[in-house]
Each structure stands twice: as C-alpha cells, then as structure tokens.
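The structure appears below as structure tokens.
Only a predicted model underlies this, so the values are computations on that prediction, with no experimental measurement involved. What's counted below: heavy atoms across the whole structure, side chains too, no hydrogens, waters or symmetry copies.
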There are 2 protein chains.
Amino acid sequence: MEAKIDKIKQQLQSQGYKLTPQREATVRVLLENEEDHLSAEDVFMLVKEKAPEIGLATVYRTLELLSDLHVLEKMNFGDGVARYDLRNDSSHHHHHHLICVQCGAVDEIMEDWLLPLEERLEQQYNFKVLDHRLDFQGICHRCNDKAKNEKNDKNE
Amino acid sequence: MEAKIDKIKQQLQSQGYKLTPQREATVRVLLENEEDHLSAEDVFMLVKEKAPEIGLATVYRTLELLSDLHVLEKMNFGDGVARYDLRNDSSHHHHHHLICVQCGAVDEIMEDWLLPLEERLEQQYNFKVLDHRLDFQGICHRCNDKAKNEKNDKNE
DNA sequence: TTCTCTGCAAATGGTTTGCAAGTAG
DNA sequence: CTACTTGCAAACCATTTGCAGAGAA
C-alpha cells in the first residue's frame, strides 16, 4: 500500500504536482476499494470520513488529475455518473466488466480476450488500437444463484 | 424508408403510442443519418430544419421512448452526451465501435466477434449475458492515411 | 371525455470553474 | 516570491419534469 502510494507520489512529482494530504487521502480510499468502481460522490463520502474538511471539487480535481496521469481510468456505465478504477502496472489495461442489470454489481475479468481481435483490427481495418473497453450486461452469478435457490425453496 | 417508418409506427401503436408528426420527423432524421451517432442536440437541430416548432424536450422524450422500444440504442462514448443508434432487425445488436481519438469519428463493425466469449462467460462465470458493448479507441484509417501522406510529402 | 402528447420554462444533478486564501519549495 | 492547491459558492450543461394547452380516439 505504502509502496503504491510512493509510486503515485513519484508520478505526480515527475509532472510537477504534489501529493497533498487531500490527494493522499483520496488515493488511499481508492486503494482500499480497489474492487469497486467508485463514483466521485462515493470517493468524496469515503474521504470525508478521514479528512472531513475536504471539498467535493478537490475530489473531482484529484480524480481528473489522476486520470490524466493514467493512474486512474475514468469510465462510464451509462448510469449518469463517472466511475473510477485504479489502473494496474501493466501498460495496457485489459479488464472487462460484467454489469449485473438486476443488482447493479460490476465484476471484473482480468483476462485479456481481445488481443487477437486487436490484431485483426489493425490489419483488416487499418485501425491502430490504443485502448478498448468491453462490458457485458446481464445477470451475475449471485443473482443467478439466488434465483435458483428461491426456485428450490418453492415457498412463494 | 417508408417501410421502416411503417414498422416503427406499428411498434409504437402496439404499445399504445402514436407516431405523431414530431416523432415521425425525429425518426426520419435518424433514418437519414443512420451512419452517424447523433446526440439529442444533433437530432434536435436536424429536426428543427423540417419542423421548427419542435421542442428539445420532445426530442428527448422521443429518443427515450424509442430506446425503450428497442428501436434505438442509447449509448455513451464518455464525451458527456448520450448518442443514439438505430437498431437493426436482428434481435441482438452486435456491432462494435472504432472511436478515433484524433478526429472523433466513430465507425462500426457489424461482425459479431463475441459469441464465443459469451458462451465462455456463461459457463465459466455463471453470468447470463443479455447485451454487450465493445469499443476500441485508437487512430482510424483516415487519420492513419493522412499521417502517411504527410510523411511522404516531406514538406513540413 | 379521456388519455396521449407537446412546448415552454423551471428544476435537477453531476461536474466544472472563479476566486481569494493557504501552502510548499 | 512563485506556482501549485484548496474550499466554497456559483456557474455549467445535458437531461428531466411540471404544467397547461393541443390533439386524437
């Protein structure tokens, strides 16, 4: 955790930015919730618990800054709010999303399934791929299981 | 074109909605610009040319309604505006997007490359896929060609 | 009539910005 | 000193909503 923060600190400083207490608190929240896809508001509320004096605008500015530095990825699942994800070390980010339309959960798949497709794109369409996103909407395994259990119980 | 409008009219009527002049004008604009991914504002401005009295709210309501009926697909490329795409007849929509980060163009690929992945998802992750989206960001063939030509010209 | 639909204006809500004050090198 | 930051409040802007009037069945 500290190592990761140090690394981000260096990334900031190499561009002339500082790791202020507010930024550090924001980064810590992000690190502690690496699994989730937090919105700016989510981050704001979590940061407020450890640094109550922080302002929402600062959180937005920090998230924007970290996105510019490619520390974060800003994404949009179509629900009207931007969500942020820590990028991993690998130069490419290759995770895909499973978005449950029933419970709203967003799971990730870390495998990269698209390399063959990207090669095909470059050759067949003369399109130089820099990034991609692949999201699936559907019913997640939790909701599937729940539905199955309720069916078995037969007490409706 | 008229056939497509008739079909949409039927889809509306089957759900108790009417194909009003405003809605028809909106649909015509969508049909005439099937290639593009228009925003609500884009549609509004184009519709205004043929029906100047129309209101922006009506366009939004029409786009929303047509999305609910699965005539349109509402999508989000992360630029802060929703964009709309006519769906094809096929029950599934299986096009992917090539988004050029240089000129902003959005091209479509109509092939469906994801069926094998969807099968794997259902088996391996117990995730029932209902829909998906696959977007690539990169440099489109036009910008690639332009860059190549400028290089050849060697007049900087 | 009754229910849908429309245009307008106002409200909403996530995000951004202007600004004066705070802070680090 | 100088440049970067911050909190606050106001501004922005895409989208939604309330409402009274218009229109179709």
Is any side-chain N of the basic residue among Glu32(B) and Lys50(B) closer than 4.0 Å to the acidic one's carboxylate O? yes

Whole angstrom is fine here: how far is it from CD1 in Ile54(B) over to C1' in dG23(D)? 15 Å

Any residue in residues 25-52 of chain B with a heavy atom nearer than 4.0 angstrom to DNA chain C? Just list them by number, or reply none. none

Between Tyr84(B) and His37(B), does the ring centre distance come in under 6.0 Å? no

Is the shortest distance from a Lys or Arg side-chain nitrogen in Glu73(B) or Arg133(B) to a carboxylate oxygen in the other one below 4.0 Å? no

Choosing from dA14(D), dT16(C), dT16(D), which nucleotide comes nearest the side chain of Val81(B)? dA14(D)

Lys9(A) has an atom NZ; how far is it from atom P of dT5(D), in whole Å? 13 Å

Listed in order of residue number, which residues of residues 57-69 of chain A have a non-hydrogen atom at under 4.0 Å from DNA chain D? Ala57(A), Thr58(A), Arg61(A)

Any chance the side chains of His141(B) and Asn126(A) put a donor and an acceptor closer than 3.5 Å? no

Any side-chain N or O of Arg23(A) below 4.0 angstrom from OP1/OP2 of dT6(D)? yes

Take the protein atom CD of Gln13(B) and the nucleotide atom P of dT4(C), then report the distance between them rounded to whole Å. 15 Å

Considering only heavy atoms from C-beta outward, does the side chain of Leu46(A) approach that of Thr26(A) to under 4.5 Å? no

Would you say a side-chain N or O of Thr20(B) is under 4.0 Å from OP1 or OP2 of dT6(C)? yes

Name the nucleic acid region contacted by Leu56(B), choosing base, sugar-phosphate or nothing; use a 4.0 angstrom heavy-atom cut-off, strictly under. base

For the pair His132(B) and His96(B), name the ring-plane relationship: parallel under 30°, tilted 30 to 60°, perpendicular over 60°. tilted

Rounded off to whole Å, could you give me the CD-to-C1' distance for the Gln22(B) and dA22(D) pair? 10 Å

Gap between atoms CG and P, on Leu19(B) and dA25(D) respectively (whole Å): 12 Å

Length of the OH-P vector between Tyr17(A) and dT6(D), whole Å: 12 Å

If I take atom CD in residue Glu24(B) and atom P in nucleotide dT6(C), what distance separates them, rounded to the nearest angstrom? 12 Å

In sequence, state the C-alpha distance, the side-chain angles, and the governing distance for Asp85(A) and Arg83(A), and then conclude on salt bridge (Lys or Arg N to Asp or Glu O under 4.0 Å). CA-CA 7 Å; Asp85(A) 228 16; Arg83(A) 298 183 177 279; over 6 Å; no

State which residue, out of Leu121(B), Leu130(B), Leu134(B), fulfils the side-chain contact (heavy atoms from CB on, under 4.5 Å) condition with Phe136(A). Leu121(B)

So, are Asp107(B) and Arg142(B) salt-bridged, with charged N and O less than 4.0 Å apart? yes

Whole angstrom value for the distance that separates P of dA14(D) from OH of Tyr84(B): 13 Å

Nearest-nucleotide check on DNA chain D, Lys18(A) vs Ala82(B); residue mapping nearer the 5' end is Lys18(A)

